[in-house]
Participant: 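Handing you this structure, nothing more for now.
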Amino acid sequence: MTRSMTSPWTGMVSVDDTALAVTDTRGPGRPVVYLNGSYASQRSWRRVIAELGPEWRHVTYDERARGGSKRSADYSFEGCLRDLDAVVEATGVDRPLLVGWSYGAALAVHWADRNPHRVAGVVSVDGGVPWGYTGEEGREAIQRVWRRMRLFLPLVRPFGMSASMSAAQHAEVNIEINEVCAALEPVLDRLACPVRYILATGANLGGGAQEMEEMRASLDPVLRRNPNLRVSTKVASNHTQILRKDFRAVAAAVRETATVPDEQDR
């Protein structure tokens, strides 16, 4: 390798009408691509990355209108899948582990389903489960929440807790991902790579304890049908705290998944 291919790289990757802020540590080991929550930035992963250490190759990026990435006319789930395509192509990583939190977990399992020979495994951090608020009632409830939060979005954006979007756009992203997750069972049933879940157990802003328990329990039938999917651990934190409080559990699941041979290795 040349020096330029072994030194960390940070830059912009063009895709569609936007450009994504990407960081690639270019470490010597297994490549790991991290996928953020709906409105979060790549900074969410810093504790997990530090725990795993420099021997791994860590690739992080900000989705459209998040963090350092540019705005777009398209904030759809399909657009975010194209973002992942672009990052994998630009960095040249070969069969990475995908580690996704929340929205990013749904991206990870969908991309793994569509690209079975290009992925080594998935670590799903309190996401990627077949449950969501759907229908007209669900849509209206989500829109009400974001209307109430519209004045706070500019205040929390510098901390990576919202995107450079309007409240209505935030709501549409949330409505769509609920619909995507509600229809996730067939995707999970097809997955042939190792998938490990880290599940929180606490309630959080936007979801009470009973609702969150129903969400996580929706995974049980799929776990019984597909032996490639397992729960690595359940942790005491809630959905929003999990990367901050339980980063060691996430790192442990990454190590665990990296040791499981998938169908291509057998």
Side-chain angles (χ1 to χ4, degrees), residues 1-37 39-72 79-101 103-105 107-108 111-112 115 117-125 157-161 163-164 193-194 196 243-244 247-260 262 264-265:
M1 276 188 170
T2 65
R3 181 173 179 178
S4 63
M5 286 303 293
T6 58
S7 300
W9 176 82
T10 299
M12 304 298 290
V13 170
S14 296
V15 55
D16 297 342
D17 64 343
T18 187
L20 311 175
V22 180
T23 299
D24 181 356
T25 67
R26 289 178 171 160
R30 169 87 71 164
V32 183
V33 178
Y34 299 86
L35 306 172
N36 313 322
Y39 317 104
S41 69
Q42 56 187 305
R43 65 189 292 180
S44 301
W45 299 103
R46 61 190 185 277
R47 293 180 178 86
V48 176
I49 290 171
E51 179 69 15
L52 285 169
E55 63 269 25
W56 298 74
R57 181 177 179 181
H58 306 284
V59 177
T60 59
Y61 70 97
D62 296 326
E63 291 160 7
R64 307 168 183 221
R66 285 81 156 178
S69 294
K70 305 297 183 183
R71 297 186 185 189
S72 173
C80 288
L81 285 170
R82 293 195 299 274
D83 291 346
L84 178 51
D85 282 329
V87 170
V88 169
E89 182 177 354
T91 56
V93 292
D94 181 35
R95 298 186 68 239
L97 287 174
L98 301 180
V99 183
W101 166 49
Y103 187 98
L107 285 175
W111 199 86
N115 301 274
H117 302 298
R118 298 175 64 196
V119 65
V122 171
V123 175
S124 177
V125 184
R157 189 173 298 143
F159 303 98
M161 297 170 64
S164 298
C193 67
R196 295 295 180 265
L243 292 182
R244 178 166 53 88
F247 60 89
R248 291 185 181 88
V250 177
V254 173
R255 295 188 189 100
E256 175 189 346
T257 309
T259 65
V260 180
D262 65 18
Q264 186 166 318
D265 296 325

Participant: Counting C-beta onward and ignoring hydrogens, is there a side-chain heavy-atom pair between L84 and V33 closer than 4.5 Å?
Facilitator: yes
Participant: Looking at residues at least two apart in the chain, or sitting in another chain, which of them share a ring pair (Phe, Tyr, Trp, His ring centres under 6.0 Å) with Y39?
Facilitator: W146, H170
Participant: State which residues pass side chain to side chain contact (heavy atoms under 4.5 Å, CB included) with S164; sequence neighbours excluded, sorted by chain then number.
Facilitator: A65, R71, R157
Participant: How many angstroms lie between OH in Y34 and OG1 in T60, if you round to the nearest 0.5 Å?
Facilitator: 8.5 Å
Participant: My understanding is that only one of I49, L20, T23 makes a side-chain contact (heavy atoms from CB on, under 4.5 Å) with Q42; could you say which?
Facilitator: T23
Participant: Listed by chain and number, what are the side chain to side chain contact (heavy atoms under 4.5 Å, CB included) partners of D94, not counting sequence neighbours?
Facilitator: none
Participant: Which residues pass the side chain to side chain contact (heavy atoms under 4.5 Å, CB included) test with A105, not counting sequence neighbours?
Facilitator: S124
Participant: Can you tell me if D62 uses its side chain to pair, donor with acceptor, with the backbone of G68 under 3.5 Å?
Facilitator: yes
Participant: Going from NE2 on H58 to CG on L52, what distance comes out if it is rounded to the nearest 0.5 angstrom?
Facilitator: 5.5 Å
Participant: Can you list the residues that meet the side-chain hydrogen bond (donor to acceptor under 3.5 Å, both in side chains) rule with R196, with sequence neighbours excluded?
Facilitator: E256
Participant: What are the two closest non-hydrogen atoms of S44 and W101, and how far apart are they?
Facilitator: OG-CZ3, 4.1 Å
Participant: What's the spacing between K70 NZ and D17 CG if we round to 0.5 Å?
Facilitator: 12.5 Å
Participant: For residues 39-48, which residue pairs qualify under salt bridge (Lys or Arg N to Asp or Glu O under 4.0 Å), counting only residues two or more places apart or in two chains?
Facilitator: none
Participant: Side chains of T25 and P54: does their closest heavy-atom pair fall under 4.5 Å?
Facilitator: no
